[in-house]
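Below: the structure, in C-alpha cells.
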Amino acid sequence: MMTCTELFRRIGEPYAAGLFSCENRSLFYRHCAAQAAWFDAMIPTEYHGELLYPCGNAYLHTDCAVISHYAKTYEYHDARMTEKLAASGLPSEDCEHALTAIRSYWEQHHFIGWLHGAPNYHRIIKEGLSSYRDRAQNTAGDADFRDGVILLLDAMERYVARCAAYLRSVGAPDDLCRAVERVPFQPAQTYYEGLVAWNLIFYLDGCDNLGCLDRGLAHLYRGEDLTAVIARLFANLDAVDMWSCTLGPEYNEITKQALYAIRGRRRPLLELRTTPDMPEELWKIAGEMLTAGSTNPSFYNDRGIHDMMADYLPQIAEEDLPLFCGCGCTETNLEGLTRAGGTDDDLNLLQIFEQYLHGNLAACPTFEDFYTGLCKVMRAEVNTMIDRLTERYLNCAANLPHPIRTLFTDDCIDRGKDYHAGGPRYTWTMNSNSGLINCIDSLVAVKQLVYDEKRYTAEEFLSLLSAEDPAFYAVLGTCPCFGTDDRAVDDMAADFTTQVYSGYKERGSVEFIDAFTLTEHQFSRYEWAGRVVGPTPDGRHRGEPTCDSVAALRGKAKRGPTAMLKSAARLPQKLAMGMTVLNLTVAKRVVQNPILLRALVEGYFEQGGLQVQVTATSADELRDAMEHPDAHRDLIVRVGGYSEYFNNLSPALKHTVLERNIHEA
C-alpha cells in the first residue's frame, strides 16, 4: 500500500505530506515538517514591477485541501480533499486510507476560535533570521523542538532564495533584488531593506498584522521618503483582507509617511497612539486622511493603555509596554511577545438579559432584586465562559503546535516551548461581549417604567414588548439613555459594566495563561448576535443588530459628541484590557479642523477613554450609496472595530451605519 506521505505528495498536498512523513516524532516536529514542505512547494509569484515582493494575494491562492493558516496553524477542507482523491486515478484503497488518516488527525488536532498576532518584526530586522538558528541550537527544548525550528528556518530560507533568483531572472530592479538576497535572514542595513524585510516577514507569517512599523524601522531611517513603498506594503495587507498596523508614540518621519500612505485605503487599520505632546502636524495629517475617506487613523490613548496593562498584568516588564499593538480589529497584543486570542469566543450579553428578563421580572418585587439577580447570572455566564476557554487553551497546548508563531514570538525558542503551550513571554485569552449598551438602556427602561413610575406591571411590560406594540415603543423612546451625559444612567452603566468585566480580571492566572481578558470590539458579529435576540426594552426590534461599540445606541446621541464621549469615558474601560472600541461618526468639516478633532479625542482620553475610531461622512452620502452603490465603490466606513467598503456590508449593517448620529461639531 502507498504511504500517506507519497499519496499526498502525488496529488499536490504538501502540508499533508509533510505532516505524515514523520509520524513517530512529536506533534511540534510534525507540523514543522508540514510547514517546511509547504514552503518548499511554494513557487515564487509573478513580479509586475512593484516596489516590494511578494505582492498582492497570490500567496494565499491555492487549490490544496490542507493549507497553512496564520491563525489556526492549518486548515483542512474535506470536500476538496475528497474531490482531489476521486480524480487522482490512484488505487481506491490507498485513497480511502489517506482520507481516513487526515480526517482522524483533523478531528483530534484542530483550532477552535480565532487568533491574531504580530511577529517580532523589530528583532528580526535587527538580528536577521539566521541568528535564530543559534538560539535554536541552545534552546531549552528537546531534540524534536530544536530540529523542527531549524527545519522550518531552512525551508523559509530556501523559499526566499528562490524568490531572489526569480527576481533576478525577470530583471527586477537591482535594489529590490539585492534586498531580497539579504533580508530577512541577514540584518537590514537600510530603511528600504527594512521595508522589504517587513513585507517578507508578513508573508512568511501567513499575512495577519504589521505590528509597530515606525518604531521598528526608526534605527534605519536616514532621511529618505519611502511613502510609496509603505503604501505598497499597506496595499499588500489590504489585498489579503487582513488587519492592522500601529504608529507612535515615538513619532518620527516614518510616522508621517505611514499616515500619508493610508490615504483612501480601508486597510490596514492604522492605530495612532496619541500623547499630549503629539505634534500638531500629525493631527493635521490625520484629519486630512480622515477627510479623504479612509477612516484611518483611529486614535489610541497611549498613557491610558500603558496604565491599563500595567495594572491588569503587573508582570509585564516596563520595557515591553511600548510594544503595544492592537492586532486583528484591535485586540491588545505586545508585538512579538504575546499569544493572545483574537477573539476566542463571544458572550451575548443581550441574549442573557432577554432570557433573564422574561424569566424573572414578574418575580422581583424591587428593581434592586431584579438587578442583583441579573448581575449574578451575568457573572456566572462569565465564569462558565472562562472555564470553557481554559479547557480550550490547555487542549490546544497539548494537541496543536504553531511552529511559525513559535519561531517569530519571544521567548518560545529560548524556553523550548510551543506558541500555544507557554512559549511566549505573555499569554492571555481574549473574549468579546455583544450587546452591552443595549443592556444598559434596557435596564434604565425597566427601572423607570416598571419600578419607579409603575406605569406597567411586569406582565403588561413583557406582553407589549413581545408584541412590539408601536405605542409602547414610543414610550420606550422617552426613557433616559446612555450617551447623553445623564449621570444617573452613566452611574448605572458603570456599575453594571464593572459587575460583568471584573469577573474576567478576578479569575487571575491558570498554568501558562497569565490573564483572562475581554474586548469590546464588535466586528460584524453585532449583526449575528442580534439575530437570536427578540425585542428588547432599549427600543430594539426582534432580530435587529446589537450595539456596534460603546457609543450611544444608533440615533440616541442627541446631545452631541461631547455628551456621548463623556458617558463612554465613565465606563470602567481599563477592566476590558482587550480594548474598548468607540465609533464616532462626524461631518467632514469636523476632521478638517485639527483643533476640533484634537479637542474631541484628547478630551475623551483625559476622562478615561482608550480608543476612538472616526468615520467622516454625511447622511446624504450614505443614503445615496444605498441607492446608487456603483457611484460609491470607494466609500469606506468604520464598523465594529474595523474598516470596510460600505458596499461590502450586509443590508442590516449598512442600516446600522446610516442610523448613527452624525455629529456636526
Electrostatic pair [X]:[Y] at N-O distance under 4.0 angstrom:
X: Glu335; Y: Arg215; answer: no
X: Arg178; Y: Glu193; answer: no
X: Arg135; Y: Asp411; answer: no
X: Arg425; Y: Asp514; answer: no
X: Arg158; Y: Asp154; answer: no
X: Asp214; Y: Lys256; answer: no
X: Arg162; Y: Glu157; answer: no

Is there a donor-acceptor contact under 3.5 Å from the side chain of [X] to the main chain of [Y]?
X: Asn431; Y: Asp344; answer: no
X: Glu224; Y: Arg222; answer: yes
X: Tyr53; Y: Thr45; answer: yes
X: Asn209; Y: Ser244; answer: yes
X: Thr295; Y: Ser643; answer: no
X: Asp225; Y: Thr227; answer: yes
X: Gln573; Y: Leu610; answer: yes
X: Arg263; Y: Ala292; answer: no
X: Asn301; Y: Gly608; answer: no
X: Glu621; Y: Ala619; answer: no

Begin from the C-alpha positions of Asn593 and Arg589 and carry the test side chain to side chain contact (heavy atoms under 4.5 Å, CB included) through to its verdict.
CA-CA 7 Å; Asn593 184 339; Arg589 70 178 189 83; over 6 Å; no
Side chains of [X] and [Y] only: does a donor on one sit below 3.5 Å from an acceptor on the other?
X: His306; Y: Glu318; result: yes
X: Ser549; Y: Tyr526; result: no
X: Asp630; Y: His628; result: no
X: Thr585; Y: Arg660; result: yes
X: Thr274; Y: Glu602; result: no

Nearest 0.5 angstrom please: [X] [atom1] to [Y] [atom2], how far?
X: Phe646; Y: Asn648; atom1: CZ; atom2: CG; value: 11.0 Å
X: Ile285; Y: Gln257; atom1: CD1; atom2: CD; value: 10.0 Å
X: Ile404; Y: Gln35; atom1: CD1; atom2: CD; value: 4.0 Å
X: Tyr604; Y: Leu584; atom1: OH; atom2: CG; value: 9.5 Å
X: Leu153; Y: Leu129; atom1: CG; atom2: CG; value: 6.0 Å
X: Ser68; Y: His402; atom1: OG; atom2: NE2; value: 7.5 Å

Which heavy atom of [X] sits nearest a heavy atom of [Y], and at what distance?
X: Ala197; Y: Ile125; result: CB-CG1, 3.9 Å
X: Tyr642; Y: Cys329; result: CB-SG, 3.8 Å
X: Ala172; Y: Cys177; result: O-SG, 3.6 Å
X: Gln611; Y: Val581; result: OE1-CA, 3.4 Å
X: Ile124; Y: Pro184; result: CG2-O, 3.9 Å
X: Ile662; Y: Ser618; result: CD1-C, 3.6 Å

Taking the side chain as everything from C-beta on, heavy atoms only, tell me whether Tyr121 gets closer than 4.5 Å to Cys212.
no
Decide yes or no for Trp428 and Thr517: does some side-chain heavy atom of the first lie under 4.5 Å from some side-chain heavy atom of the second?
yes
Determine, using ring centers only, whether [Y] and [X] are less than 6.0 Å apart.
X: Tyr166; Y: Tyr47; answer: no
X: His69; Y: Trp38; answer: no
X: His632; Y: Tyr645; answer: no

How far apart are the C-alpha atoms of Glu271 and Ser298, what are their side-chain angles, what is the distance that settles it, and do they pass the side chain to side chain donor-acceptor pair (under 3.5 Å) test?
CA-CA 5 Å; Glu271 304 164 347; Ser298 52; 5.7 Å; no
Determine whether more than 12 heavy atoms belonging to other residues, nucleotides or ligands lie under 6.0 Å from atom NZ of Lys284.
no
Crowded around Glu46 CD? As in, over 12 foreign heavy atoms under 6.0 Å?
no
Which residue, Thr409, Asp320, Thr338, Asp410, forms the side chain to side chain donor-acceptor pair (under 3.5 Å) with Tyr426?
Asp320
Could you go step by step and tell me if Val149 and Tyr132 meet the side chain to side chain contact (heavy atoms under 4.5 Å, CB included) rule?
CA-CA 9 Å; Val149 170; Tyr132 281 45; 5.9 Å; no
What do the steps show when you test Lys574 against Asp311 for salt bridge (charged side-chain N to carboxylate O under 4.0 Å, His left out), and what is the final call?
CA-CA 9 Å; Lys574 290 183 180 180; Asp311 176 69; over 6 Å; no
Salt bridge (charged side-chain N to carboxylate O under 4.0 Å, His left out) evaluation trace for Arg273 with Asp302:
CA-CA 5 Å; Arg273 294 166 59 181; Asp302 188 66; 2.7 Å; yes
Verify side chain to side chain contact (heavy atoms under 4.5 Å, CB included) between Glu664 and Val586, making sure each step is shown before the conclusion.
CA-CA 6 Å; Glu664 295 292 331; Val586 298; over 6 Å; no
Can Arg266 and Asp634 be said to form a salt bridge (charged side-chain N to carboxylate O under 4.0 Å, His left out), step by step?
CA-CA 9 Å; Arg266 67 164 190 158; Asp634 295 330; over 6 Å; no
Relative to each other, are the rings of Trp243 and His116 parallel, tilted or perpendicular (30° and 60° limits)?
perpendicular
Fit a plane to each ring of Tyr159 and Phe39, take the angle between them on a 0 to 90° scale, and name the class: parallel (under 30°), tilted (30 to 60°) or perpendicular (over 60°).
tilted
List the steps and the verdict of side chain to side chain contact (heavy atoms under 4.5 Å, CB included) for Met278 and Leu272.
CA-CA 10 Å; Met278 188 171 84; Leu272 181 58; 3.8 Å; yes
Check the pair Arg267, Asp241 against salt bridge (charged side-chain N to carboxylate O under 4.0 Å, His left out), reporting the backbone distance first and the verdict last.
CA-CA 8 Å; Arg267 307 271 175 87; Asp241 201 24; 3.1 Å; yes
